[in-house]
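Read through the structure below, which is laid out as structure tokens, and then see the notes.
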Amino acid sequence: MAGMKSIPFTVAKNEQFFDRLGDYIGDVFYDILPEQGFELRDEQIYMAFQLEQAFKNKKTIFAEAGVGTGKTIVYLLYAICYARYQRKPVIISCADETLIEQLVKEGGDIDKLEKTLGLEVDVRLAKARENYLCMKKLDPLAEYTEDEEILDVYDAVPDFVFDQGISMQSFYPYGDRKDYPWLSDKQWEQIGWDPLKQCATCEFRHRSAQTLHREYYRHAQDLIICSHDFYMEHVWTKDSRIREGQLPLLPEASAVVFDEGHLLEFAAQKGLTYRFNYRNLTNVLTGYQGQDVREDSLQLAEDIMALHDDWFDYISEIAVHVEGSSRLEIPQDKKMREMAERLEKMVQKLLEELVFDAELFTIDAYHTKIIEEYLEFFAYGLSIFLKDDEGVYWLEEDGDETSLVIMPRLVGNVLREEVFQKDIPFVFSSATLSQNGDFSYLAKSLGVDSYSSFSVASPFDYEEVRTINEHSYTDDIEKYEGIAKQLQDNEGHSLILFRSEEEMQAFRKWADEREWSFDFIFEGDNEISKIVRAFQLNKSSVLCAHHLWEGLDVPGDSLTQVIIASLPYPPDDPVFKAKRKHAEDPYAEIDLPYMQLRLKQGIGRLIRTEHDKGIVHIWKQDAL
């Protein structure tokens with residue numbers, strides 16, 4: 001393929017690629033990196049040998065390596081070389097956008113490799129749809145909003161988006177959330193991608209931010225980096241997109257690396273969810289009624305919309321808020337179930353009527369397809385909802401938008417067939433993949449039948465560079481005052497991790513009423529990479545967050561103290577209730593491992609290099 005980047009070492013005709021790869025990796029770790037000031041680590045060498053076997057034999061491997069082992073450098077080296085050998089990119093799937101930022105930022109691991117080894121890595125980001133601008137929302141909003149920051153976004157939209165006469169050759173990617181770091185999350189919700197919009201029929205479709213970014217990253221030669229959520233969306237939608245004449249979200253890969261791979265199961269569950277927005281069925285059926293269809297069909301559609309409205313109203317009435325979760329619990333209720341059963345039967349009946357309407361040619365094929373697909377989607381989701389113990393469901397509310405979400409409880413069988421049957425290497429990398437060295441729980445939950453594994457500990461002498469103190473409290477004010485003293489004693493330079501957004505906002509309200517000698521930075525006020533950069537540059541500041549338990553990498557003086565505001569047990573929401581229901585000992589099997597893993601990840605934010613040192617404070621509420 002013309003223009004392909006070359007392997008960074010020579011392979012003679014009588015030599016094997018993996019023999020020369022092993023020699024090259026040895027030269028990198030034993031000679032090149034130490035000459036550039038990198039420390040030679042036995043853990044890194046061992047991991048490199050294990051990964052080489054996985055790539056060579058196209059196997060799945062669980063690579064558990066502690067903080068400071070340099071595991072990212074190892075898998076990046078193999079990924080780049082293997083991509084060039086196979087002439088297909090390697091996909092690196094990360095837990096969230098924060099981890100992606102750590103890989104691609106200036107001074108990040110890819111940047112270090114390029115400068116140290118003289119490589120030019122073709123790395124491109126494939127982000128979830130929520131990260132891209134929606135012109136269908138921004139264009140009309142710009143006509144009446146007085147928000148100058150949103151108008152700045154509108155003014156920055158390229159001319160070709162509006163000018164239908166411009167050649168497609170002049171198109172270029174735009175509209176990434178990261179391009180507008182000044183916007184808060186609330187502002188972005190007004191102009192970011194919206195699942196309620198019909199992208200397939202949008203007049204901006206071929207000029208949209210989402211479309212142009214996809215076209216760009218599909219041509220990556222070395223690495224495509226995405227989130228677990230996006231990778232799983234690719235897996236679940238691949239076949240349907242191909243049937244509809246569309247390209248899959250991601251191109252074929254030569255290998256896949258799952259960074260923080262212990263979080264893949266939930267991303268898989270999330271990717272398989274059925275999301276029913278309150279307005280969607282009404283919008284679809286209103287469009288159906290606008291066609292030339294029979295009176296019986298019109299009446300049935302009217303009855304479905306009326307029952308659907310009553311059903312959603314009733315669910316919203318009985319739903320219960322759960323602290324630390326955006327999921328509202330829907331209690332088991334006979335009336336709600338009976339309404340759902342009636343609704344499913346009526347939707348199935350309308351699908352039958354739709355066949356007759358289509359045969360009469362009173363409704364065009366395009367509208368028939370849209371209506372039929374949504375009704376089938378709606379009916380199948382209801383069937384999961386009505387089956388005992390097969391799905392987990394909850395309600396989500398955002399302003400005046402309400403959605404019913406239905407998620408399958410188990411995804412291992414689907415993953416086994418759709419992902420891990422592929423004859424390519426899969427690498428799981430994390431500091432926490434096993435339970436006391438046993439990887440079987442994770443493997444079973446993901447549908448991985450055959451795998452290799454290893455564990456290497458962190459090389460850091462934690463006892464020498466890190467102090468962990470535990471504190472008890474009886475009420476929030478006592479805790480806040482204790483945290484305030486810890487911040488003042490350390491003169492800032494701190495990360496406070498909260499169990500939930502509610503807990504963080506309660507502290508913020510208390511802190512706003514006091515004078516401080518340093519700045520506070522709160523997650524959600526700006527785009528995440530801007531927040532992290534501000535914290536790094538303002539070395540006396542305090543970063544308050546509820547999502548950054550993992551992935552945050554801030555070495556040096558900016559972060560010398562981590563404060564755990566409360567033990568990070570999972571929320572008592574529908575997903576974790578379903579997990580507890582199927583455990584013999586819910587606390588020991590679900591709550592405690594989750595808390596310990598998250599706590600371990602949070603503590604791990606402190607020591608990122610051999611030069612770091614500091615203190616961790618953990619706050620625990622006294623038993624009542």
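The basis for the numbers below is simple: all heavy atoms, side chains too, and nothing from hydrogens, waters or symmetry mates.
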Determine yes or no for a side-chain-to-main-chain donor-acceptor pair under 3.5 angstrom, with N131 supplying the side chain and A128 the backbone. yes

Contacts satisfying ring pair (Phe, Tyr, Trp, His ring centres under 6.0 Å) that involve residues 103-131 (not counting sequence neighbours) are none

Practice problem: Verify, without hydrogens or angle tests, whether R177 (side chain) and L133 (backbone) share a donor-acceptor contact under 3.5 angstrom. | Solution: no

Rounding to 0.5 Å, atoms CG (L559) and CG (L552) come to a distance of 7.0 Å

Enclosure of F9 CZ (heavy-atom neighbours >12, cutoff 6.0 Å) = yes

CG of L40 to CD1 of I45, rounded to nearest 0.5 Å, is 5.0 Å

Inset, instruction - Please confirm whether the backbone N or O of Q221 pairs with a side-chain atom of D122, one donor and one acceptor, at under 3.5 Å? - result: yes

CG (L548) and CD1 (I531) are apart, to the nearest 0.5 Å, by 8.0 Å

Open item on the list: With heavy-atom distances below 4.5 Å as the criterion, would you say the side chains of F38 and I73 are in contact?
Closed with: no

CA sep, side-chain torsions, deciding dist, call: F520, F507, side chain to side chain contact (heavy atoms under 4.5 Å, CB included): CA-CA 11 Å; F520 279 86; F507 174 79; 3.9 Å; yes

| request: Answer yes or no: is there a donor N or O on one side and an acceptor on the other, between the side chain of R327 and the main chain of V322, under 3.5 Å? | output: no

Next on the checklist: Test your reading of the model: is there a side-chain donor-acceptor pair from R598 to the backbone of W549, 3.5 Å cut-off?
Outcome noted: no

- request: Output, in order, the C-alpha distance, side-chain angles, deciding distance and verdict of side chain to side chain contact (heavy atoms under 4.5 Å, CB included) for V419 and F426.
  value: CA-CA 9 Å; V419 179; F426 289 98; 3.8 Å; yes

Of all heavy-atom pairs linking G175 and W188, the shortest is O-CH2, 4.0 Å

When every non-hydrogen atom of A48 is compared with those of I25, the smallest separation belongs to CB-CG2, 4.0 Å

How are the rings of Y451 and F62 set relative to one another: parallel (under 30°), tilted (30 to 60°) or perpendicular (over 60°)?
perpendicular

**Asked** For K59, does the NZ atom have more than 12 heavy-atom neighbours from other residues, nucleotides or ligands under 6.0 Å away?
**Response** no

### Message
Please tell me whether F439 and F428 form a close aromatic pair, meaning their ring centres lie under 6.0 Å apart.
### Response
no

What one should report as the nearest heavy-atom pair of A268 and L415 is CB-CD1, 3.9 Å

Can you tell me if S529 and E527 form a side-chain donor-acceptor pair at under 3.5 Å?
yes

So ring pair (Phe, Tyr, Trp, His ring centres under 6.0 Å) across residues 93-139, not counting sequence neighbours, yields Y132-H213

CD1 (I224) and CG (L249) are apart, to the nearest 0.5 Å, by 11.5 Å

Q) Can you list the steps and then say if Y154 with D139 is a side chain to side chain contact (heavy atoms under 4.5 Å, CB included)? A) CA-CA 8 Å; Y154 185 79; D139 197 35; 3.2 Å; yes

_Would you say that N526 contacts P181 through its side chain, given a criterion of any heavy-atom pair below 4.5 Å between the two side chains?_
no

Does a side-chain heavy-atom distance below 4.5 Å link L495 with V554?
no

Close side-chain approach of S540 and H493, heavy atoms under 4.5 Å = yes

Begin with the C-alpha distance, continue with both residues' side-chain angles, and end with the deciding distance and a verdict on side chain to side chain contact (heavy atoms under 4.5 Å, CB included) for M504 and R508. CA-CA 6 Å; M504 183 184 79; R508 182 176 193 167; 5.5 Å; no

*Does V121 reach the side chain of L113, with side-chain heavy atoms less than 4.5 Å apart?*
no

Between R129 and D229 (salt bridge meaning N to carboxylate O under 4.0 Å), is one present in this structure? no

(Q) Given 3.5 Å as the limit, does a donor-acceptor pair link the side chain of E503 with the main chain of F498, or not? (A) no

Query raised in the report: When you check the side-chain N and O atoms of S93 and H228, is any donor under 3.5 Å from an acceptor?
Result: yes

>> Using a 3.5 Å distance criterion without hydrogens, assess whether the side chain of S458 forms a donor-acceptor pair with backbone atoms of G66.
In response: no

So do the side chains of E149 and V153 get within less than 4.5 Å of each other, counting heavy atoms only? no

OG of S430 to CG of L263, rounded to nearest 0.5 Å, is 7.0 Å

Residue pairs passing the ring pair (Phe, Tyr, Trp, His ring centres under 6.0 Å) test with at least one member in residues 94-113, sequence neighbours excluded, are none

*Y172/F160 aromatic ring centres below 6.0 Å*: yes

Looking only at heavy atoms, the pair that brings P574 and V392 closest together is O-CG1, 3.3 Å

| With no hydrogens and no angle check, is any side-chain donor or acceptor of T72 less than 3.5 Å from a backbone partner on G70? | no

Ion pair K105/D553, N-O distance below 4.0 Å:
no

message: For the backbone of K88 and the side chain of S254, can you confirm whether one donor and one acceptor N or O come within less than 3.5 Å of each other?
response: yes

Angle between ring planes, Y217 versus F230, binned at 30° and 60°: parallel, tilted or perpendicular? perpendicular

(Q) Any non-hydrogen side-chain atom of K112 less than 4.5 Å from a side-chain atom of Q36? (A) no

Margin query: With a sphere of 6.0 Å drawn around CD of E120, does it hold more than 12 non-hydrogen atoms of other residues, nucleotides or ligands?
Written below: no

Where do E252 and K238 land on the salt bridge (Lys or Arg N to Asp or Glu O under 4.0 Å) test, with the steps shown first? CA-CA 11 Å; E252 286 294 323; K238 181 179 179 181; 2.9 Å; yes

Requested in this report: Step by step, work out the side chain to side chain donor-acceptor pair (under 3.5 Å) result for S452 and Q53.
Outcome: CA-CA 10 Å; S452 59; Q53 297 305 307; over 6 Å; no

**OP:** Classify the ring geometry between Y180 and W182 as parallel (under 30°), tilted (30 to 60°) or perpendicular (over 60°).
**Re:** perpendicular

Steps toward side chain to side chain donor-acceptor pair (under 3.5 Å) verdict (E64, S434): CA-CA 8 Å; E64 185 174 59; S434 70; 2.9 Å; yes

Note: R84 and I7 closest approach over all heavy atoms is CB-CG1, 4.0 Å

Is it true that K137 and E189 make a salt bridge, defined as a side-chain N closer than 4.0 Å to a carboxylate O? no

Between the CD1 atom in I110 and the CD1 atom in I225, the distance rounded to the nearest 0.5 Å is 4.0 Å

Note: S429 and M47 closest approach over all heavy atoms is OG-CE, 4.4 Å

- Query: Can you check whether I191 reaches L183 side chain to side chain, under 4.5 Å on heavy atoms?
  - Reply: yes

* To do: Say whether, by atom type as modelled, one donor and one acceptor occur between the side chain of R605 and the main chain of Q601 under 3.5 angstrom.
  => yes

